[in-house]
2 protein chains.
Amino acid sequence: MDYLDCEDEVLHQDKIEEARKKMMNGDIIFDLSNLYKVFSDETRLRILNALLISELCVCDISDLLGMTHSSISHQLKVLREMKLVKAKKVGKSVYYSLKDDHIQKIIEIGVEHINEKEI
Amino acid sequence: MDYLDCEDEVLHQDKIEEARKKMMNGDIIFDLSNLYKVFSDETRLRILNALLISELCVCDISDLLGMTHSSISHQLKVLREMKLVKAKKVGKSVYYSLKDDHIQKIIEIGVEHINEKEI
DNA sequence: TAAATATATGAACAAATATTCATATATAAT
DNA sequence: ATTATATATGAATATTTGTTCATATATTTA
């Protein structure tokens, strides 16, 4: 393990200790990584973006994104499991909508970041 | 392609059109997905979290996270390429720090979301 | 009741990605 | 100059993950 190889004079024990104390705990890091993983896929982002505009059934989303029902359905399952969308069954159709407004905020800040980087 | 199989009566053409018009364009979706991909990995999140607290060299980060220099260095490269961190060389060491404060905001909103979900 | 439609899902496959290992480069110390 | 140290990086490996394909379930219609 070469993470033990640094000379003591190079390590900043004070800073390391401070960081160790103030850092978020492992569970939160784990949950956070899973949350952002949802937003890291273009298909899921497009689905969330669409639902931000309107409630839609699976057929609508498939048509809108030009992708198979299966693919969309798999991704909707991920979004459901992460509790980012809710499903409402009406007849043979299932209507999806967003579960809360953090989604909008998360996307907005991301867009803000990207726009500033372009300058 | 079974995304063409839905009956016309099931599709909501008005909603689909509205979504099509209002949705973000593909380039932004692509950039967004790449941005969130950075936050989707626990190692990178821990590095960002540490740098949020203090400027650190590679040795510090390796020691703090209990991971090899190589692994940390690879992830720092990703963070550099995404322009989320900046590097300052001093002697043999390279000191890393955050490049802007969107990082903090993105993490904060994620934490907020997770905490509310726990209720 | 049988056939058709909308959605869901398990398994297989392909593509992406994180870590390890080996090695390279740059700087400092001897 | 030579050796040691801090960091970087290419290639290989292992794991994860998105889509496709086949099939299952639920609801409606004939």
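A note on names: the letters A, B, ... follow the listed sequences, proteins ahead of strands, and every chain is numbered from 1.
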Which of these nucleotides, [options], is closest to any side-chain atom of [X]?
X     : options               : result
B:S93 : D:dA6, D:dT19, C:dA8  : D:dA6
B:C6  : C:dA6, C:dA28, D:dA8  : C:dA6
B:T68 : D:dG18, D:dA8, C:dT20 : C:dT20
A:R80 : C:dA18, D:dT7, C:dT9  : C:dT9
A:D41 : C:dT17, D:dG18, D:dA6 : D:dG18
B:K89 : C:dA8, D:dG10, C:dT27 : C:dT27
B:K77 : D:dT9, C:dA18, D:dT7  : D:dT9
A:M67 : D:dA8, D:dT19, C:dA6  : D:dT19

Check your understanding: What's the CD1-P distance between A:I61 and C:dT7, to the nearest Å?
Key -> 9 Å

**Study point:** Distance, rounded to the nearest Å, where A:Y36 contributes OH and C:dA18 contributes C1'
**Key:** 20 Å

Practice item. Using the six-membered ring wherever Trp is involved, compare the ring planes of B:H113 and A:H102 and label them parallel, tilted or perpendicular (cut-offs 30° and 60°). Key: perpendicular

Check your understanding: Touch check for B:S73, heavy atoms < 4.0 angstrom, all strands: base, sugar-phosphate only, or nothing?
Key -> base

Review point. What does A:Y95 touch in the nucleic acid at a heavy-atom separation under 4.0 angstrom: a base, only the sugar-phosphate, or nothing?
Key: nothing

Exercise for review: Specify the residue among A:K37 and A:G91 whose closest nucleotide of DNA chain D lies further upstream toward the 5′ end.
Suggested key: A:K37

Revision key, fill the gap. Between A:V90 and A:S71, whichever has its closest DNA chain D nucleotide further toward 5' is A:S71

Check your understanding: Between A:Y96 and C:dA6, does any side-chain N or O lie under 4.0 Å from OP1 or OP2?
Key -> no

Review point. So does B:Q75 get a side-chain nitrogen or oxygen closer than 4.0 Å to the phosphate oxygens (OP1/OP2) of C:dT17?
Key: no

Review point. Hey, quick one: are A:L98 and A:I47 part of the same hydrophobic cluster, counting side-chain heavy atoms closer than 4.5 Å, chains of contacts allowed?
Key: yes

Review point. Charged N to carboxylate O under 4.0 angstrom, B:K22 versus B:E18?
Key: yes

Point to revise | Ion pair B:D63/A:R20, N-O distance below 4.0 Å | key: yes

Does [X] contact [N] through a side-chain donor or acceptor facing the base, at a distance under 3.5 Å?
X     : N      : result
A:H74 : D:dT20 : yes
A:H69 : C:dT5  : no
A:S70 : C:dT9  : yes

Check your understanding: A:V38 pairs by side chain to side chain contact (heavy atoms under 4.5 Å, CB included) with which of A:L84, A:L45, A:I103, A:I106?
Key -> A:L84

